[in-house]
Amino acid sequence: MEAKASYTRDGTVDLRGRPVLASKTGKWKACAFLVGYEAFERMAFYGIASNLVNYLTTQLHEDTVSSVRNVNNWSGSVWMTPILGAYIADSYLGRFWTFTISSLIYVVGMMLLTMAVSLKSFKPSCSNGICNKASSSQIAFFYISLYTIAIGSGGTKPNISTFGADQFDDFDTQEKKLKASFFNWWMFSSFLGALVATLGLVYIQENLGWGLGYGIPTVGLILSLFIFYFGTPMYRHKVSKTKSPARDLFQIPIAAYKNRKAQLPSNPSELHEFEPQHYINSGKRQMYHTPIFRFLDKAAIKNGNNMDASLKPPCTVTQVEGTKLVIGMAMIWLVTLIPSTIWAQINTLFVKQGTTLDRSLGQQFHIPAASLGSFVTLSMLLSVPMYDRYFVPLVRARTKNPRGITLLQRLGIGFVVQVIAIAIAYAVEVRRMRVIRVHHLNGPKEIVPMSIFWLLPQYVLLGIADVFNAIGLLEFFYDQSPEDMQSLGTTFFTSGIGVGNFLNSFLVTMVDKITGRNGGKSWIGNNLNDCHLDYYYGFLLVISTINLGAFLWASCKYVYKRESVEAKEGCVDLLEGKAIATSPLGLQV
């Protein structure tokens, strides 16, 4: 019994499929090899994303609307491709091998991009700081490089964080406590990489060369992969218990529709479900019935259209509840799209807005406009330890919740802070326009006599909001996903950011067309000193406020996952057993 107990209780194995010892694998000693990759990957991504709009306008001579649209489209693709990567991981290759193949594609994309901005034959020729228009082949090579990175990111982004979370055994009380802080410190390493990018790489790109600015994170990425593979003997790998975990998403609604005329039993215990021993033997987790989306319960009716023993047996309550979870998460996902659209401003319009302001720091040094994004990261880096070490223990003592506050309460706080941030951005832009009118400025390159640090509050507040939003969303979608769909579930997080970027691209394009037609003054023109960016920020403020109301409604309707954690030794623990209770804030507990 002692030898048996020394193995992990959640059924994880090593790379060869053998059971692993709990004392020699997993936990933070395994995650230490993973966080390096996350830091360097985020450094690479933000090294590109934070200053890409400036490269497109100054080096490739794209106009403001086109550059914003192209940045959003690329960023959206980076955050959308994880849907495919997660599906491949959950259904075929597993997280480790999907990550391995995709990380190599990512590195190839970074190498191609470094070539695109370094080699003379791949970049526009420049003279006295003025670059000629790029040829069609140069533009094609540049965007092929960018979208190769997007493809690689599709397999790395959804799997590296979930692979890290897999290193903690949910059946072990101590490891479960460690896992509660995992996503906070995982995002901390992500923020650290982003800080180096926005502070260091952006300056290098604008002052020492774009090739060096992209080459440094490429080398760092390769180094981090060597470190990652060095830790292979310590990694735990979850064994997929279902060949096609996403199949239930289609099977359950179809079965419920077939039984649409059947009467639901008054007692949910009369629905079809396996005996608890089945889940103990199989290592799967049993999910308990929840009183939402009751129509889907018809898929588990014992005497619906499944009375003939030759027909396929009805679906189980656990299968039905998994589908309910995905639908519930989809409701929350929808109300994260507008916040993701607000976040997209940091690397697009906020940067272009900053280029019009006084960026001097002393007589010699000028702050790159994109470097102000470092204050987003700095506020995150300061806020994460404070949240984890002070806020959570303080609130936990009152609420008795291991997380301090619930996942949806965390998101709600972040959304409120974000609304305040966009309100401040609107007020600052109103002041910028007033200064422009007072000094009679009209030229696109005229500098507005107003310090760039006026933009600081909106950056800092968005950083604080992201401590609640980004980490909260990642943890929420991982925690609430059905057991065999946690990689795919995490893509709710990444795809929300992706759709938010596409939505911002759509809004910018439509607002420019509508407000600029018939010779009118566009809200978002090439000349930010002669347009109405304040109107656009006001529009974002209105839709953000409406979205906050929609989030409060959706969170009041959401019911958390209720499942048992059962080991073969017979230990049973009910997770989120009080999921239906309601907190004083009106959000699900």
Side-chain angles (χ1 to χ4, degrees), residues 50 53 68 191 194-195 198 335-359 361 367-384 386-387 410-438 447-470 472 497 500-501 503-504 507-508 511 523-524 528-529 531-549 551-552:
S50 59
V53 70
V68 169
F191 299 156
L195 179 65
T198 51
V335 293
T336 68
L337 300 183
I338 297 301
S340 295
T341 300
I342 302 302
W343 178 256
Q345 311 310 314
I346 293 174
N347 295 327
T348 53
L349 290 178
F350 282 9
V351 175
K352 294 301 294 180
Q353 186 183 16
T355 60
T356 69
L357 301 176
D358 181 9
R359 295 181 287 134
L361 194 64
I367 303 169
S371 286
L372 219 59
S374 62
F375 286 98
V376 174
T377 312
L378 277 171
S379 62
M380 291 176 178
L381 288 171
L382 293 173
S383 299
V384 167
M386 292 175 64
Y387 180 89
R410 183 172 186 167
L411 295 182
I413 293 171
F415 291 158
V416 170
V417 175
Q418 197 176 62
V419 169
I420 296 172
I422 198 64
I424 290 175
Y426 168 72
V428 170
E429 179 59 17
V430 168
R431 187 184 190 280
R432 191 184 75 91
M433 297 304 296
R434 187 181 300 118
V435 173
I436 288 173
R437 288 193 298 270
V438 169
I447 300 299
V448 180
M450 176 177 165
S451 174
I452 192 174
F453 289 108
W454 275 91
L455 302 180
L456 196 59
Q458 64 203 55
Y459 278 98
V460 171
L461 283 174
L462 284 177
I464 294 172
D466 223 36
V467 170
F468 292 91
N469 285 351
I497 299 174
N501 275 275
L503 181 58
N504 187 54
L507 289 176
V508 166
V511 166
W523 289 4
I524 312 168
L528 291 186
N529 291 338
C531 65
H532 279 297
L533 192 59
D534 53 336
Y535 291 178
Y536 185 65
Y537 285 170
F539 169 67
L540 292 179
L541 176 59
V542 171
I543 61 175
S544 295
T545 305
I546 295 172
N547 185 78
L548 179 60
F551 167 78
L552 293 174

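What's counted below: heavy atoms across the whole structure, side chains too, no hydrogens, waters or symmetry copies. Since we're looking at a predicted model, the values are computed, not measured.
Contact annotation: the side chain of Ile424 approaches that of Pro457 to within less than 4.5 Å [non-hydrogen atoms, C-beta and beyond]. Between Phe551 and Thr336 there is no side-chain heavy-atom pair separated by less than 4.5 Å. The closest side-chain heavy-atom distance from Pro449 to Val435 is below 4.5 Å. Contact annotation: the side chain of Leu411 never approaches that of Phe468 to less than 4.5 Å [non-hydrogen atoms, C-beta and beyond].
Closest heavy-atom contact between Gly500 and Thr341: O-OG1, 3.3 Å. Smallest separation of non-hydrogen atoms from Gln353 and Leu357: O-CG, 3.7 Å. The shortest heavy-atom contact between Gly414 and Ala465 is O-CB, 3.4 Å. The minimum heavy-atom distance linking Leu503 with Ile338 is given by the pair CD2-CD1, 3.8 Å. Ser340 and Ile497 get closest at one heavy-atom pair: OG-CA, 3.6 Å. Leu461 and Ala421 get closest at one heavy-atom pair: CB-CB, 3.7 Å.
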Exercise for review: Report the C-alpha distance between Ile447 and Thr355 in whole Å, list the side-chain angles of each, state the deciding distance to 0.1 Å, and finish with yes or no for side-chain contact (heavy atoms from CB on, under 4.5 Å).
Suggested key: CA-CA 8 Å; Ile447 300 299; Thr355 60; over 6 Å; no
Review point. Step by step, would you call Ile367 with Phe453 a side-chain contact (heavy atoms from CB on, under 4.5 Å)?
Key: CA-CA 10 Å; Ile367 303 169; Phe453 289 108; 3.3 Å; yes
Point to revise | Stepwise side-chain contact (heavy atoms from CB on, under 4.5 Å) test for Ile452 and Leu455 | key: CA-CA 6 Å; Ile452 192 174; Leu455 302 180; 4.2 Å; yes
**Study point:** Thr356 vs Met450, side-chain contact (heavy atoms from CB on, under 4.5 Å): CA-CA, chis, key distance, verdict
**Key:** CA-CA 9 Å; Thr356 69; Met450 176 177 165; over 6 Å; no
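Within a 6.0 Å radius of OH in Tyr426, other residues, nucleotides and ligands contribute 12 heavy atoms or fewer.
Cation-pi geometry between Arg410 and Tyr387 is met: the NZ or CZ atom falls under 6.0 Å from the ring centre, inside 45° of the normal. Cation-pi geometry between Arg432 and Trp454 is not met: the NZ or CZ atom fails to fall both under 6.0 Å from the ring centre and inside 45° of the normal.
Between Tyr536 and Trp523, the distance from one ring center to the other does not fall under 6.0 angstrom.
Asn529 CG to Arg437 CZ: the interatomic distance, rounded to the nearest 0.5 Å, is 12.0 Å. Taking CZ from Phe375 and CG from Leu195, the interatomic distance works out to 10.0 Å, rounded to the nearest 0.5 Å. Leu378 CG to Leu382 CG: the interatomic distance, rounded to the nearest 0.5 Å, is 6.5 Å. Annotation: the span from Ser374 atom OG to Leu381 atom CG amounts to 10.0 Å, rounded to 0.5 Å. If you take CG on Leu533 and CD on Gln345, they are separated by 8.5 Å, rounding to the nearest 0.5 Å.
Exactly one of Ile524, Asn504, Val53 qualifies for a side-chain contact (heavy atoms from CB on, under 4.5 Å) with Leu349. That residue is Ile524.
Partners of Ala425 by side chain to side chain contact (heavy atoms under 4.5 Å, CB included), not counting sequence neighbours, listed by chain and number: Phe350, Ile422, Gln458, Tyr537. Listed by chain and residue number, nothing satisfies the salt bridge (charged side-chain N to carboxylate O under 4.0 Å, His left out) test with Arg359 (two or more places apart in sequence, or in another chain).
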Listed pairs under 3.5 Å, donor-acceptor, residues 538-548 side chains, sequence neighbours left out:
from	atom 1	to	atom 2	distance (Å)
Ser544	OG	Leu540	O	2.7
Thr545	OG1	Leu541	O	2.9
Asn547	ND2	Val335	O	2.9

